[in-house]
Amino acid sequence: MASTFKYRLNGPFGGLAADLTGEFRSLETSENSLLRIYRNVWLKPPGGINWRDCAWLSFGLSVHASELSVTRPAGLVAEVTTLAFPLAHFRSELAALAMDGWIREEFGLPDRGLSAAYRVGAGGYTFHWGECSDPFSDKE
């Protein structure tokens, strides 16, 4: 059954916002348009999504993928049907924060330290990715 997670961060100019709607389901044998995130954990992004938003959705799922893989050995698809946001209050990184919040809400998984904050001295919004200091680095 589909559910919606609403990410909100208040800030001096309205803040940041993103609504993620989707459902978690079992993997079907002949599916197309899936991204493998980890072993038997897959992402089905919404059609027409921007590549940056899709990359950040993938990262948000990857933070919890090893745990989801163990609890769902037959495979799990995170199917995101919509990622909605007001353009003035969105950055692509919010896709990861919305995915993280949705997963934690649906499965009761622990907080992995993904967060955002508004910092005047830092020139605006800053993002923290838990134990992953550089999400898209090729460094191991």
Side-chain angles (χ1 to χ4, degrees):
M1 183 162 113
S3 62
T4 299
F5 180 83
K6 295 175 182 275
Y7 179 85
R8 301 290 185 270
L9 176 65
N10 293 326
F13 305 106
L16 299 174
D19 295 352
L20 183 151
T21 300
E23 67 179 325
F24 292 97
R25 58 180 176 75
S26 298
L27 179 65
E28 297 171 12
T29 56
S30 61
E31 291 202 59
N32 297 334
S33 305
L34 297 180
L35 300 173
R36 183 186 299 244
I37 303 302
Y38 177 84
R39 295 185 185 174
N40 57 347
V41 177
W42 301 80
L43 171 65
K44 183 168 187 177
I49 190 170
N50 178 282
W51 70 269
R52 284 185 180 98
D53 302 344
C54 188
W56 283 107
L57 275 178
S58 299
F59 174 71
L61 179 55
S62 74
V63 171
H64 300 283
S66 63
E67 200 165 6
L68 292 170
S69 178
V70 170
T71 61
R72 300 290 181 99
L76 176 72
V77 176
E79 182 173 354
V80 178
T81 53
T82 59
L83 179 64
F85 47 85
L87 289 176
H89 303 287
F90 181 76
R91 289 186 40 179
S92 290
E93 293 93 330
L94 291 185
L97 297 175
M99 176 65 81
D100 170 59
W102 182 48
I103 291 168
R104 289 188 297 118
E105 190 173 86
E106 291 292 312
F107 292 98
L109 296 179
D111 186 342
R112 299 284 183 221
L114 278 64
S115 64
Y118 184 83
R119 302 202 197 292
V120 176
Y125 293 99
T126 59
F127 296 89
H128 181 67
W129 305 115
E131 293 182 11
C132 184
S133 63
D134 191 3
F136 296 107
S137 172
D138 286 335
K139 299 174 194 166
E140 302 235 354

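Note that the numbering runs from 1 along the sequence shown for the chain. Quick note: numbers below take in every heavy atom, side chains included, and nothing from hydrogens, waters or symmetry partners.
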Check whether any side-chain heavy atom of [X] lies under 4.5 Å from a side-chain heavy atom of [Y], and answer yes or no.
{"X": "Thr82", "Y": "Thr4", "answer": "no"}
{"X": "Leu109", "Y": "Ile103", "answer": "yes"}
{"X": "Leu97", "Y": "Leu9", "answer": "no"}

Which value, rounded to the nearest 0.5 Å, describes the distance between [X] atom [atom1] and [Y] atom [atom2]?
{"X": "Ile37", "Y": "Ser58", "atom1": "CD1", "atom2": "OG", "value": "4.0 Å"}
{"X": "Thr21", "Y": "Glu23", "atom1": "OG1", "atom2": "CD", "value": "11.0 Å"}
{"X": "Asp53", "Y": "Phe85", "atom1": "CG", "atom2": "CZ", "value": "5.0 Å"}
{"X": "Arg52", "Y": "Leu57", "atom1": "CZ", "atom2": "CG", "value": "14.5 Å"}

Short side-chain to backbone donor-acceptor contact, Asp19 and Ala84, under 3.5 Å: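 Not confirmed, Asp19 side chain does not pair with Ala84 backbone.
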Verify, without hydrogens or angle tests, whether Ser62 (side chain) and Phe59 (backbone) share a donor-acceptor contact under 3.5 angstrom. yes
Closest approach of [X] to [Y] (non-hydrogen atoms, all atoms of both residues):
{"X": "Ser69", "Y": "Asn40", "result": "OG-OD1, 2.5 Å"}
{"X": "Pro110", "Y": "Glu67", "result": "CD-OE1, 3.9 Å"}
{"X": "Pro86", "Y": "Ala17", "result": "CD-O, 3.9 Å"}
{"X": "Trp56", "Y": "Ser92", "result": "CB-O, 3.3 Å"}
{"X": "Leu68", "Y": "Thr71", "result": "O-OG1, 3.1 Å"}
{"X": "Leu43", "Y": "Ala78", "result": "CD1-O, 3.3 Å"}

Does anything in residues 30-48 form a salt bridge (charged side-chain N to carboxylate O under 4.0 Å, His left out)? List the pairs, not counting sequence neighbours. Arg25-Glu31
Any salt bridge (charged side-chain N to carboxylate O under 4.0 Å, His left out) pairs touching residues 93-106, not counting sequence neighbours?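 Only Arg91-Glu93, Asp100-Arg104 qualify under salt bridge (charged side-chain N to carboxylate O under 4.0 Å, His left out).
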Does any pair with a residue in residues 30-53 pass ring-ring contact (aromatic ring centres under 6.0 Å, His included), and if so which ones, sequence neighbours excluded? none
Pairs touching residues 1-24 that satisfy ring-ring contact (aromatic ring centres under 6.0 Å, His included), sequence neighbours left out: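 Counting only pairs at least two positions apart or across chains, the ring-ring contact (aromatic ring centres under 6.0 Å, His included) contacts touching residues 1-24 are Phe24-Trp102, Phe24-Phe107.
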Transitive ILVMFWY side-chain link [X] to [Y], under 4.5 Å:
{"X": "Leu34", "Y": "Val80", "answer": "no"}
{"X": "Leu61", "Y": "Val77", "answer": "no"}
{"X": "Met1", "Y": "Met99", "answer": "no"}

Please set out all donor-acceptor pairs under 3.5 angstrom arising from side-chain atoms of residues 117-133, sequence neighbours excluded.
| from | atom 1 | to | atom 2 | distance (Å) |
| --- | --- | --- | --- | --- |
| Arg119 | NE | Thr126 | OG1 | 3.3 |

Linking Ile, Leu, Val, Met, Phe, Trp and Tyr by side-chain heavy atoms under 4.5 Å, what else ends up with Val70?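 Its cluster mates, by chain and number: none.
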